[in-house]
Number of protein chains: 2
Amino acid sequence: MKSTEPACQYELKVAKDAMEVIQGKWRIPIIISLTYGNKRFGEIQRDIPEISPKMLSQELKALEENQLITRTLYDSMPITVEYALTPLGLSMKDLLVELRNWGKHFRKEIVGK
Amino acid sequence: MKSTEPACQYELKVAKDAMEVIQGKWRIPIIISLTYGNKRFGEIQRDIPEISPKMLSQELKALEENQLITRTLYDSMPITVEYALTPLGLSMKDLLVELRNWGKHFRKEIVGK
DNA sequence: CCGAATCCTGTTTGATACTG
DNA sequence: CAGTATCAAACAGGATTCGG
């Protein structure tokens, strides 16, 4: 019996939840950037130079809605905004480690061949 | 010093490699299905009922090109095709475990609230 | 049974310029 | 500094039909 086992169905469901959050080209890069410290808008842009301000703004908003990051406004002059991971965002650490491990492995096996 | 550290840049690069492979709505589900055993086209479809034959065919091809799965043709009557994970595909196991763990955590914290 | 071919739609992403 | 606005392009995904 190898099809449609309950365990498989459950794994499919939770993996789908996870993927919906990290889908897209920019969310994982943004989260990775923030694991290296709280950052301002421009600092994230320097970590990920190819991202347009529009996409950065849009994806930050989505991550905030999913409660993975916080947005803190300091109304100094000029205005500054700081983004930081929430506990939920920090809880992605192990997943990010595995993403890094596997990405490294994949690069060794395929990309860099 | 918190921006654009070498470690961050390296992590961004390998994570991007990994994400390119697992991007999209269907690749992770297909791989998960195959971790429960080698399957035929129709069997994968039964695990993932929402997928159309077109998308399944297309994504299987992409996964084969990335050497994550193999496609084996048995010319019995009628013709049957079996898909299986390669060693590289199997090496995603740890990543899938973390995806499952985090998806479960996320569902508990946010989705199912 | 296992797809291929075609056509079509909506979402995602991007380039560029502009604002408080 | 931290974004918005606008417009266009690219792509993912779906519906349907057909073939070996």
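Atom set for the values below is all heavy atoms of this structure, side chains included, hydrogens, waters and symmetry mates excluded. Below, chains carry the letters A, B, ... as their sequence lines are ordered, and counting in each starts from 1.
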Starting at the 5' end of DNA chain D and moving along, which residue's nearest nucleotide shows up first, B:Glu59 or A:Thr80? A:Thr80
Under 4.5 Å between side-chain heavy atoms, hopping through other hydrophobics if needed: is there a path connecting A:Leu34 to A:Val97? no
Extract, from 5' to 3' on DNA chain C, the first and final nucleotides lying under 4.0 angstrom from some heavy atom of chain A.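 First and last nucleotides in contact are C:dT13 to C:dA15.
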What residues form a side-chain contact (heavy atoms from CB on, under 4.5 Å) with [X], not counting sequence neighbours?
X       : result
A:Gln58 : A:Lys54, A:Met55
A:Val81 : A:Arg71, A:Leu73, A:Tyr83
B:Ala18 : A:Leu99, A:Trp102
B:Lys61 : B:Ser57, B:Glu65

Going 5' to 3' along DNA chain D, which are the first and last nucleotides with any atom under 4.0 Å from a heavy atom of chain A? D:dC1 to D:dC7
Through direct or indirect side-chain contacts below 4.5 angstrom among Ile, Leu, Val, Met, Phe, Trp and Tyr, which residues connect to B:Tyr74? none
Who clusters with A:Val14? Use side-chain heavy atoms, under 4.5 angstrom, across I, L, V, M, F, W and Y, and order the result by chain and number. A:Tyr10
Non-hydrogen side-chain atoms of A:Leu96 and A:Ile28 separated by less than 4.5 Å: yes
Flag the pair A:Phe106 / B:Met92 as yes when at least one side-chain heavy-atom distance between them is below 4.5 Å, and no otherwise. no
Write down the atom of A:Ile51, the atom of A:Gln45, and the distance for their closest heavy-atom approach.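 Closest approach of A:Ile51 to A:Gln45, heavy atoms only: O-NE2, 4.1 Å.
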Is there a donor-acceptor pair closer than 3.5 Å between any side-chain N or O of B:Gln67 and the backbone N or O of A:Ile110?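 No; zero donor-acceptor contacts below 3.5 Å.
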Compute the angle between the rotation axes at the two ends of the helix from C:dC1-D:dG20 to C:dG20-D:dC1, each taken over five pairs, rounded to 10 degrees.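 What I find for the helix from C:dC1-D:dG20 to C:dG20-D:dC1 is an axis angle of 50°.
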Do any of residues 48-56 of chain A sit with a heavy atom less than 4.0 Å from DNA chain D, and if so which?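 Those residues are A:Pro53, A:Lys54.
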Under 4.0 Å, heavy atoms only, any strand: does B:Tyr83 hit a base, just the sugar-phosphate, or nothing?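 Sugar-phosphate only.
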For B:Glu59, the salt bridge (Lys or Arg N to Asp or Glu O under 4.0 Å) test, sequence neighbours excluded, returns B:Arg27
How would you list all residue pairs meeting salt bridge (Lys or Arg N to Asp or Glu O under 4.0 Å) that involve residues 86-99 of chain A, not counting sequence neighbours?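 Every pair satisfying salt bridge (Lys or Arg N to Asp or Glu O under 4.0 Å) with a residue in residues 86-99 of chain A: there are none.
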